[in-house]
Participant: 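Sharing a structure here in structure tokens format.
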Amino acid sequence: METGFDVERIRKDFPALSRELPGGRPLVYLDSANSSQKPTQVIETMREHFTTHYANVGRAMHVLGAESTEAYEGARDKVAAFVGAPSRDEIVFTKNASEALNLVAYAFGNPAGDDPRFRIGPGDEVVISEMEHHSNIVPWQLLAQRTGVTLRWFSVTDEGRLDLSNLDELVTERTKIVSIAHQSNVLGTVNPVDRVVARAREVGALTMLDASQSVPHRPVDVTELGVDFLAFTGHKAVGPSGIGVLWARGELLEAMPPFLGGGEMIEAVWMDHSTYAPAPHKFEAGTPPIVEAIGLGAALDYLSAVGLDAVAQHERELTGYALEALREIEGLRVIGPENLDERGGVVSFTLEGIHPHDVGQILDDNFGVAVRVGHHCARPLHLRFGIPATTRASFYLYNTPAEIDALVRGLHHVRKVFA
Amino acid sequence: MIAESMYQELILEHYKHPQGRGLRDPYDSEVHHVNPTCGDEITMRVKLGDGGKVEDVSYDGQGCSISQAAASVLYELATGSTVEDSLAVVEEFTRLMQSRGQVEADEDVLGDAVAFAGVAKFPARVKCALLAWMAYKDAVVRSTE
Ligand SMILES: Cc1ncc(COP(=O)(O)O)c(C=O)c1O
């Protein structure tokens with residue numbers, strides 16, 4: 001198999017990949033959709049900041065404060081460039097993708113705001129899909145409890161694609177926002193954002209993309225996508241945990257009420273009211289995850305240097321190889337598209353008669369193959385397919401066909417143990 | 001090769017050929033327990049007789065080999081025993097599972113359930129082994145209320 005770039009050189013950048021597991025087994029890390037490993041470039045950037053430049057940001061009138069602020073705000077520039085944001089002020093740092101999604105959900109029906117687009121109540125609707133991660137389900141369920149808005153769902157087809165056959169009935173004048181995954185963390189499906197956005201615009205609804213599984217793996221440009229909000233999380237993009245991103249059109253950020261209150265998000269505070277800083281600071285109450293943001297900047301620099309097109313191509317080849325190799329295993333059923341059209345590098349499957357926990361345990365203990373087992377925070381999707389759980393292998397820029405071979409060997413062994 | 005010591009022959013045997021599976025009438029109480037972290041679930045019924053005798057334990061559920069085998073072993077140990085004796089086994093089994101592999105299993109008390117000793121070293125799987133046993137304890141308490 002010919003991959004377009006030097007995966008062995010890339011692997012050397014990720015120290016964890018060459019560690020040994022207890023018993024001397026090598027690590028085969030196929031769980032990057034859960035969280036990715038980190039390259040030396042990110043680890044060193046963070047270490048360097050802690051070692052030499054660290055101070056709080058935005059409020060310290062000294063050299064370290066200035067350096068820290070410059071690095072933190074520099075990370076914002078990098079994120080903005082990475083996702084094609086028209087302005088750096090449209091990048092809000094959050095703790096993770098979940099917080100970014102909650103931030104937007106809390107803007108609706110909030111008495112502190114008065115923009116009609118965010119006014120919501122009984123009779124209004126929010127549209128999500130059956131393939132969402134719980135982070136793009138529960139915030140909207142909570143919104144429904146608070147405001148009486150109705151939650152509606154796109155179905156998923158047997159092949160694992162978003163079912164848009166009833167797009168026009170689901171997304172209507174009653175819809176306030178449509179929030180869907182760009183790429184499913186279970187199926188691998190990349191959703192047809194353009195069709196959803198076109199319909200949402202027709203009826204005046206806002207659109208949000210959960211891009212947690214797309215931004216790390218393929219070129220994503222918010223302007224091209226035409227959505228209103230986009231969320232992703234640093235730890236899946238070779239960056240640290242504790243940092244996520246909300247991008248939103250600037251004009252919407254201005255219209256939205258603040259999410260959390262505290263230091264740094266204000267303009268002036270009186271005893272009876274406060275005025276707020278302009279976005280993005282309006283949404284960044286308190287001391288932010290400074291070094292994590294800087295680490296994320298380094299992570300995006302790393303990915304850009306490799307090239308997102310090359311990453312996507314490499315993962316595509318690995319996914320094709322895996323889908324082919326998994327076919328030889330008896331009783332294995334892939335949950336998700338079995339071709340490479342509009343599909344990313346996660347492959348979830350069931351093994352007939354064998355519970356995913358048993359699969360995962362044997363893969364880990366006997367073969368050093370790290371996969372994720374369970375419902376992957378997408379329980380409604382598993383219910384849709386009538387299964388409690390799946391085993392998921394996910395690929396990233398540092399994975400190799402040899403690692404997929406190890407997975408396949410492991411699965412043959414799992415079948416032997418439980419046959 | 002750590003896990004294979006967890007997947008004892010006896011556990012695999014019970015998983016492949018579960019004993020006493022399927023819900024039966026009559027029963028005094030029925031409980032439904034789930035393991036929210038992995039979605040394993042079990043419905044369990046208990047029928048008690050005179051003198052604290054356990055006449056039947058019937059169950060249905062779905063989950064991994066550990067949780068399913070544990071239910072099967074429990075069925076064998078509890079049915080025909082007494083409430084008092086079976087709860088003593090539950091207690092010893094629970095102690096073993098929560099020991100992180102630090103205590104010796106008492107085979108005299110545990111019988112076949114001693115095969116689960118290796119599971120105690122896998123914190124993530126202890127809940128699987130305990131699911132049916134906790135459900136049983138719950139069902140017995142409700143039956144005697
Ligand atoms: C599609 C999707 N959305 C949201 C999340 C949540 O990310 P985080 O836990 O970093 O908030 C994840 C990852 O767990 C994901 O895969």
Side-chain angles (χ1 to χ4, degrees), chain A residues 20-27 31 34 134 138 186 331 335 348 350-392 409-419, chain B residues 1-18 21 32-43 59-73 97 100-101 115-135:
Chain A
E20 268 188 5
L21 299 176
R25 291 158 299 150
L27 168 68
D31 197 20
N34 191 352
H134 295 165
V138 183
V186 177
I335 306 297
S348 298
T350 57
L351 265 187
E352 201 184 346
I354 310 175
H355 195 279
H357 277 183
D358 294 320
V359 177
Q361 186 107 45
I362 301 244
L363 287 179
D364 180 39
D365 283 324
N366 295 43
F367 297 87
V369 175
V371 293
R372 183 161 174 198
V373 297
H375 52 50
H376 320 302
C377 301
R379 195 154 180 277
L381 180 67
H382 283 76
L383 294 176
R384 150 71 181 84
F385 282 96
I387 47 180
T390 50
T391 303
R392 178 185 75 186
R409 270 199 308 281
L411 290 172
H412 279 301
H413 183 73
V414 168
R415 280 190 41 84
K416 255 203 345 247
V417 173
F418 291 96
Chain B
M1 305 292 161
I2 309 161
E4 241 143 81
S5 70
M6 181 173 105
Y7 293 112
Q8 296 287 316
E9 219 24 68
L10 188 127
I11 293 180
L12 293 173
E13 234 2 84
H14 275 276
Y15 176 56
K16 291 171 196 168
H17 308 288
R21 193 185 167 91
H32 181 74
H33 279 210
V34 298
N35 181 347
T37 52
C38 62
D40 286 5
E41 50 189 295
I42 192 159
T43 304
Y59 64 93
D60 204 359
Q62 49 104 5
C64 66
S65 60
I66 302 300
S67 74
Q68 298 303 294
S72 174
V73 168
M97 284 303 112
R100 300 190 164 268
F116 289 85
V119 178
K121 286 180 230 128
F122 296 87
R125 303 303 292 277
V126 166
K127 275 195 196 138
C128 310
L130 284 176
L131 180 66
W133 294 64
M134 292 299 115

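Below, read A as the first sequence line, B as the second, and so on, with proteins coming before strands; counting in each chain starts at 1. Remember, predicted model here, so these are calculated numbers, not experimental data.
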Participant: Relative to chain B, which segment of Phe418(A) carries a heavy atom at a distance below 4.5 Å: side chain, backbone, both, or neither?
Facilitator: both

Participant: Answer yes or no: is there a donor N or O on one side and an acceptor on the other, between the side chain of Asp358(A) and the main chain of Ser65(B), under 3.5 Å?
Facilitator: yes

Participant: Can you list the steps and then say if Asp40(B) with His355(A) is a side-chain hydrogen bond (donor to acceptor under 3.5 Å, both in side chains)?
Facilitator: CA-CA 10 Å; Asp40(B) 286 5; His355(A) 195 279; 3.3 Å; yes

Participant: Report which part of His375(A) has an atom under 4.5 Å of a heavy atom belonging to chain B: side chain, backbone, both, or neither.
Facilitator: side chain

Participant: Search all heavy atoms of Lys16(B) against all heavy atoms of Ala419(A) and return the closest pair with its distance.
Facilitator: NZ-O, 3.0 Å

Participant: Counting only heavy atoms not in Arg21(B) (residues, nucleotides, ligands), do more than 12 fall under 6.0 Å from its CZ?
Facilitator: yes

Participant: Could you pull out the closest heavy-atom pair between Arg125(B) and His357(A), with the gap in Å?
Facilitator: NH1-O, 3.4 Å

Participant: Can you say whether Gln62(B) sits under 4.5 Å from chain A via the side chain, the backbone, both, or neither, judging by heavy atoms?
Facilitator: side chain

Participant: Determine, step by step, whether Phe122(B) and Asp365(A) satisfy the side chain to side chain contact (heavy atoms under 4.5 Å, CB included) criterion, reporting the C-alpha distance in whole Å, the side-chain angles of both residues, the deciding distance to 0.1 Å, and the verdict.
Facilitator: CA-CA 11 Å; Phe122(B) 296 87; Asp365(A) 283 324; 3.5 Å; yes

